[in-house]
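In what follows, a single structure is set out as structure tokens and then discussed.
Every chain is numbered from 1 and lettered A, B, ... according to where its sequence line falls, protein lines coming before strand lines.
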Number of protein chains: 2
Amino acid sequence: MSHSIAEAADRTGLTAHTLRYYERDGLLLRPVERDSSGRRRYDQAHLDWIHLVTCLRATGMPIRDVRRYAELVRSGETTEADRLALLHAHRRRVVEELARVTEHLGAIDRKIGIYESRAEERAVVSA
Amino acid sequence: MSHSIAEAADRTGLTAHTLRYYERDGLLLRPVERDSSGRRRYDQAHLDWIHLVTCLRATGMPIRDVRRYAELVRSGETTEADRLALLHAHRRRVVEELARVTEHLGAIDRKIGIYESRAEERAVVSA
DNA sequence: ATCACACTTCGAGTGCACTCCAAGTCAAGA
DNA sequence: TCTTGACTTGGAGTGCACTCGAAGTGTGAT
């Protein structure tokens, strides 16, 4: 079972443009196969890999690090320690970022609280 | 007590470049006052506002929405309901984004787990 | 057969948020 | 007095990640 670029876009949540861009930019493990008329065919292995790429991208990994990770995978299983290190470093940054955002969100919540209590006050006064 | 742009940069974690950029772009409530030789002087009210701006920015609010928020504040207290709506909408997006990132982080953690168990296996075999 | 349409490539364009540069001003210290 | 260095301005440049356009080709329905 293989899929056209439109189907792959559908299943990955990316656009066809972005899928071509990722391929050009070396984010995929290997170039996608083409059918007899030159069109891309994505198999399950590609979709699985692209899913991992979207996890990395959605958590803020830069394109060049995803490319680096793909290169490591391409280079064979001797690079597994390097891949693990790369993922660990990324994980640490993501956890830090989550904490930072959560903290800033708290400040925004306090601001919201201020506006709400002021709105409340006005409601009472005008009642 | 007022501060030079270098001190303001220090206290806000932004660069002097960024502080000037924010001012030019209308993210501050009013232009920063200048001393007799034309240099910016930041008072506590400015620093407090910039702190709020960094909370909004750090949680992913686009510059144009921060500007919109600043415009509402400038327009007086009749806009408090609008400000509250803006903050609520932002809060919702941030919470969603946190959930999304957390979920993707889980997938990355599972990937890390796979590499770790493989590393573990190799360690056992080579022992 | 013709038509619409999804696809191809290469390269250019976009939007965002800074980030930097050049040229000039001013104040304080040696 | 001279120099150093932090500042000023307007505008240009950068990096990232797409996003789109133009021109062309192959496929499937009418």
Can you tell me if [X] touches the phosphate of [N], counting only side-chain N or O atoms and a distance under 4.0 Å to OP1 or OP2?
X: B:Arg40; N: D:dC7; answer: no
X: A:Arg34; N: D:dT25; answer: no
X: A:Tyr22; N: D:dC18; answer: yes
X: A:Ser4; N: C:dC7; answer: yes
X: A:Thr15; N: D:dT19; answer: no
X: B:Tyr21; N: C:dC20; answer: no
X: A:Arg20; N: C:dT8; answer: yes

Let's see if you can work this out: which of [options] has an atom nearest to the side-chain heavy atoms of [X]?
X: B:Ser36; options: D:dT8, C:dA27, C:dC18; value: C:dA27
X: B:Thr18; options: D:dT19, C:dC18, D:dC7; value: C:dC18
X: B:Pro62; options: C:dC26, C:dA6, C:dA17; value: C:dA17

Problem set entry | Whichever of A:Gly60 and B:Arg39 has its nearest DNA chain D nucleotide further upstream toward 5' |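 This one resolves to B:Arg39.
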Rounded to whole angstroms, how far apart are [atom1] on [X] and [atom2] on [N]?
X: B:Asp35; N: D:dA6; atom1: CG; atom2: P; value: 16 Å
X: A:Arg24; N: D:dT19; atom1: CZ; atom2: C1'; value: 10 Å
X: B:Ile63; N: C:dA17; atom1: CD1; atom2: P; value: 5 Å
X: A:Met61; N: D:dC16; atom1: CE; atom2: P; value: 15 Å
X: B:Asp65; N: C:dG15; atom1: CG; atom2: C1'; value: 14 Å
X: A:Leu19; N: D:dC20; atom1: CG; atom2: P; value: 14 Å
X: B:Ile50; N: C:dC18; atom1: CD1; atom2: P; value: 13 Å
X: B:His17; N: C:dC16; atom1: NE2; atom2: P; value: 22 Å

For this session: Answer yes if the ring centres of B:Tyr42 and B:Trp49 are under 6.0 angstrom apart, and no otherwise.
Result: no
For this session: Report which part of the nucleic acid B:Ala6 touches: base, sugar-phosphate, or nothing (heavy-atom distance under 4.0 Å, all strands).
Result: sugar-phosphate
Exercise. How far apart are the closest heavy atoms of B:His104 and A:Ala58, and which atoms are they?
Worked result: ND1-CB, 3.2 Å
Exercise. Minimum heavy-atom separation for B:Glu23 to B:Val32, with atom names?
Worked result: OE2-N, 3.4 Å
Problem set entry | From NZ (A:Lys111) to NE2 (B:His90), nearest 0.5 Å | 13.5 Å
Problem set entry | Spacing of B:Leu29 atom CG and B:Leu52 atom CG [to the nearest 0.5 Å] |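 Atom-to-atom, B:Leu29:CG and B:Leu52:CG are 9.0 Å apart.
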Exercise. Counting only distance, no hydrogens or angles, is the base of C:dG15 paired donor-acceptor with the side chain of B:Arg64 under 3.5 Å?
Worked result: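 For B:Arg64, whose side chain was compared with the base of C:dG15, there is no donor-acceptor pair (under 3.5 Å).
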Seminar exercise, completed: Residue pair B:Ser37/B:Arg57 against DNA chain C: nearer the 5' end by closest nucleotide is B:Arg57
Exercise. Do A:Asp48 and A:His51 have a side chain donor and acceptor closer than 3.5 Å?
Worked result: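 The criterion, which ignores hydrogens and geometry beyond distance, is not satisfied for A:His51 and A:Asp48.
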